[in-house]
Amino acid sequence: MTHLSRRHALAAGLGFGAAAFGGTGASARPLIALPDDLVNSDAATITAISTPSAVVAMTFDDGPHPTHTPRLLDMLRERGIRATFYLIGNRVVQYPAIARRIAEEGHEIGNHSWSHPFLDRMGDGAVIREIDQTTNAIFQITGRPPVTFRPPYGAFSRRQRTWLHGNRTLPTILWSVDPQDWRRPGSNVVARRILQNTRQGGIILSHDIHRGTIDAMPQTLDGLTGRGLTFVTVSQILGWPLWQSRNFRRVVQTG
Ligand SMILES: [Zn+2]
């Protein structure tokens with residue numbers, strides 16, 4: 001936490017939210033957008049980090065997927081790249097071997113809720129059940145609980161973010177780069193959007209449940225590396241120890 005207070009998080013305005021890629025349909029409200037009330041990042045809400053070195057965090061949401069996630073893991077392993085996977089709890093219990101592989105290969109696993117609902121429409125009791133059930137599943141399969149949370153659709157109010165941080169010490173991790181890959185614009189477009197909009201300290205949103213996103217990754221990863229950027233996990237970009245190196249026993253007992 002001391003690192004986080006020293007390195008101030010960047011304001012969301014520096015990021016590239018859904019508006020940057022506004023759809024052609026006039027009525028289309030982006031399904032995934034940064035919350036309207038997000039003016040400044042704080043300890044409870046992270047969109048990007050002001051880092052001293054040229055690092056970025058690649059994040060993949062909504063897995064594990066039975067075929068796309070393993071293919072992505074192969075690509076990351078070939079390149080020696082660590083990423084962060086925001087897993088859905090009910091998919092973790094469906095594909096435990098893939099979740100275990102993600103952790104064993106040095107990637108970080110974050111909490112992305114149990115059933116991917118719009119949490120901003122739910123009461124605190126239901127929200128915490130979604131989050132705790134997912135934390136427990138990840139802990140049982142990998143031996144450690146997630147230390148960060150990403151709300152489905154980014155739909156989580158400031159009050160909810162502050163409340164979660166206060167009650168579970170989970171910061172809400174949003175993003176500064178959104179390629180809108182879930183719209184399946186094609187792998188070249190996904191790669192171009194990420195390459196055009198990624199800056200040092202950025203957190204890149206993507207989804208490892210779409211073939212086109214995985215197809216975009218060689219070009220994307222090699223392009224960012226070629227620009228001198230190094231990939232780190234979300235914990236690392238926050239200045240925290242590597243997820244795998246942490247001993248959570250005490251946290252779990254008191255949580
Ligand atoms: Zn999601």
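On a predicted model such as this, the values are computed, not experimentally measured, just so you know. For the numbers below, each heavy atom of this structure counts, side chains included, while hydrogens, waters and symmetry mates do not. Just so you know, ligand 1 is whichever comes first in the structure, and atom 1 is the first atom listed for that ligand.
- Residues satisfying the side chain to side chain contact (heavy atoms under 4.5 Å, CB included) test with Asp215, not counting sequence neighbours, are Arg71, Ser187, Arg211.
- Listed by chain and residue number, the protein N/O/S atoms under 2.8 Å of the Zn ion (ligand 1) are Asp62 OD1, His112 NE2, His116 NE2, with waters left out.
- Remark: of the listed residues Trp163, Tyr86, Phe156, Phe156 is the sole one forming a ring-ring contact (aromatic ring centres under 6.0 Å, His included) with Phe149.
- In this model, no donor atom of one side chain and acceptor atom of the other lie less than 3.5 Å apart for Asp181 and Ser206.
- Put simply, the side chain of Thr59 never gets that close to the backbone of Phe85: no donor and acceptor are under 3.5 Å apart.
- Checking Ser115 against Asn90 by side-chain atom types alone, no donor-acceptor pair falls below 3.5 Å.
- Test Asp208, Ile102, Thr67 against Leu72 for side-chain contact (heavy atoms from CB on, under 4.5 Å) and you get one pass: Asp208.
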